[in-house]
Amino acid sequence: MSKIHYIMFTIFHGYHLVEAYHNWKKAHRSNKNPWGLKLLKLFFAIAVPLFFWLAPSSAYGLPGINPVEQRVVAVFAFAALMWLFEVVPAWTTSLVVVVLLLFCASDSALWFMQTDAAGEKFSNLVSNTAILHCFADPTIMLFIGGFIIAIAATKSGLDVKLAKVMLAPFGTKSENVLLGFLMVTAIFSMFISNTATAAMMLTFLAPVLKALPADGKGKIGLALAIPIGANIGGMGTPIGTPPNAIALKFLNDPAGMDLGIGFGQWMMVMVPLTLVLLFIAWIVLRRLFPFKQKEIHLQIESSHESSWRDVLVYITFTITVALWLTDSITGVNANVVAMLPVGVLCIGGVIVKRDLEQISWSILWMIAGAFALGVAMRQTGLAQDMIEAIPFGSWSPLLIIIGSGLLCYLMANFISHTATAALFVPILAIAGSSMADALAPYGGVSTLLIGVAICSSLAMVLPISTPPNALADATGFIKQKYMVTTGLIMGFIGLILGYLVLIFCGQHGIF
């Protein structure tokens, strides 16, 4: 790694924690999957999709299904098993999914994949450009804008200045400082990666944790406040966490439900929910982990030297957020607004070529894989065949909502939140569109899909559940039983409140 490259990355507060997390994640994956078990999982992840690929169409129970649709089912099964087993990183699976769809189910697939036994070309091949467009989908641009803002905030020292200013009103009383860390972490997580936010806030908190009494439980509450704030805060905006973007993409898709849910509209509903959950988390942490030391004095310093470019970052950040919040008034959608900081900060020299390497491309590819699965299911006709063959409309809508939510929550505690959403949302979008009338009394399809995003964010029971959990666990102040207890409490309360809010908003036309 070059010196310039090294310096660029170490500008970020908490970089060493993120680096340690990625090393831990790699080691955890290796320990979880020794070579023998890894090969067995890989065999299973290939054998099951092959069965779906080669099985006679009559075995599916879907009248009219053809080989192209079978291949899409097989690719979906492959993605599900690979994400579940974590044989390779989740983003790698997403890339393979896109490649498989291009070569096996698109109109630019291998020649023998495009024709049937009689030599006739299949009429339901997926447009290869539609699949490739998933890498440059407007929602991807929304996330790129968010990443650019996050990088610029770090380079300009805006993140540290904001943290210092935002924590100041909470004073020095220990319980109030706890509330401050919950709130500030959550607000940062609405616009910046929750991993980066957790690392930065833990850096500020580290000297405090060391100074607190060794026999006091308060330090446990403070350490847990970071992942809880980061995970819950991510629910607040469409760019707060990838599951939000995946749900919003399917809800707003012009070729699908086309609900037109805007950035400000999302925040109008989710920010109040987030604030209520954070206040409840504060009460829970205070009761479970009382402080022995009555006051905490924070020391947040920055060595950043100000320049005129910092002012450019502050102004651009303010205008971007203002436009996001008022998208329904200005008529400029959130995806277009996201390109404003990209253009301004790049032309202003704040963002340079090397900074682009800091963008979390793995997350973007992960999201693109989910979008590609949705495109393939729709364009091949698989989605329509499933709607016509499976009696979704006769199922209990409440059972679908609660069942999918609980299953999503359970899985998201053990595998990537993004992978969980990528698996659930395309299928639930099909179910939701076919039983829209039945879901109406419970808030409509938005309750179903946004519920997945909420369930994913609330899954924080174990250190492996989310990067913020793992980073907090690395402080050494948290026993796993404490994380499990608080995670289950917040998950139970969050799911109930989340669905009540979604049902209310859906019934009153807010979503």
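The chain is numbered in sequence order, starting from 1.
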Are [X] and [Y] side-chain neighbours, meaning at least one heavy-atom pair lies under 4.5 Å?
X    : Y    : value
T274 : M190 : yes
V375 : C134 : yes
L323 : V332 : no
V88  : V96  : no
M366 : L95  : no
V445 : S433 : no
L273 : I454 : yes
M270 : T237 : no

Where the side chain of [X] meets the backbone of [Y], is there a donor-acceptor pair that is under 3.5 Å apart?
X    : Y    : answer
Q507 : P441 : yes
N66  : E69  : yes
H417 : A453 : no
S396 : L399 : yes
W282 : E175 : yes
R71  : C104 : yes
S465 : L462 : yes
D137 : H133 : no

Looking at [atom1] of [X] and [atom2] of [Y], how far apart are the two atoms once the value is rounded to the nearest 0.5 Å?
X    : Y    : atom1 : atom2 : value
L428 : I401 : CG    : CD1   : 10.0 Å
L222 : I226 : CG    : CD1   : 7.5 Å
N231 : S189 : CG    : OG    : 7.5 Å
D327 : M267 : CG    : CE    : 10.5 Å
W83  : I415 : CH2   : CD1   : 8.5 Å
N124 : D385 : CG    : CG    : 8.5 Å

Are a donor atom and an acceptor atom from the side chains of [X] and [Y] found within less than 3.5 Å of each other?
X    : Y    : result
N128 : D107 : yes
T466 : N469 : yes
D258 : N252 : no
S362 : S360 : no

Considering all heavy atoms, the nearest [X]-[Y] contact:
X    : Y    : answer
L142 : P238 : CD2-CB, 4.2 Å
L178 : G221 : CD1-O, 3.5 Å
C455 : G405 : SG-O, 3.3 Å
V184 : A163 : CG1-CA, 4.4 Å
I131 : A372 : CG2-CB, 4.3 Å
P49  : F44  : CD-O, 4.1 Å

Q. Hey, mind stepping through L248 and I450 against side-chain contact (heavy atoms from CB on, under 4.5 Å) and telling me if it holds?
A. CA-CA 8 Å; L248 204 58; I450 298 176; 5.7 Å; no
Q) Quick one: ring pair (Phe, Tyr, Trp, His ring centres under 6.0 Å) pairs with a partner in residues 181-200, sequence neighbours left out? A)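 The answer is none; no pair qualifies.
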Q: Test L277 against M235 for side-chain contact (heavy atoms from CB on, under 4.5 Å), laying out the working first.
A: CA-CA 11 Å; L277 288 175; M235 293 161 44; 3.9 Å; yes
Q) Is the gap between the ring centers of W266 and F263 under 6.0 Å? A)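 W266 vs F263: aromatic centres not under 6.0 Å.
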**Q.** Chi angles and distances behind the side-chain contact (heavy atoms from CB on, under 4.5 Å) call for S127, S106
**A.** CA-CA 6 Å; S127 165; S106 79; over 6 Å; no
Q.
Using the rule given for side-chain contact (heavy atoms from CB on, under 4.5 Å), can you reason through T447 versus L439, listing the C-alpha separation, both sets of side-chain angles and the distance that settles it, and then say yes or no?
A. CA-CA 8 Å; T447 299; L439 287 169; over 6 Å; no
Q.
Tell me whether the count of non-hydrogen atoms from other residues, nucleotides or ligands lying under 6.0 Å of CZ in F52 goes above 12.
A. no
Counting only pairs under 3.5 Å, give me each side-chain donor-acceptor contact of residues 479-503, with atom names and distances, residues two or more places apart or in other chains.
from : atom 1 : to   : atom 2 : distance (Å)
T485 : OG1    : K481 : O      : 2.8
T486 : OG1    : Y482 : O      : 2.9
T486 : OG1    : M483 : O      : 3.3

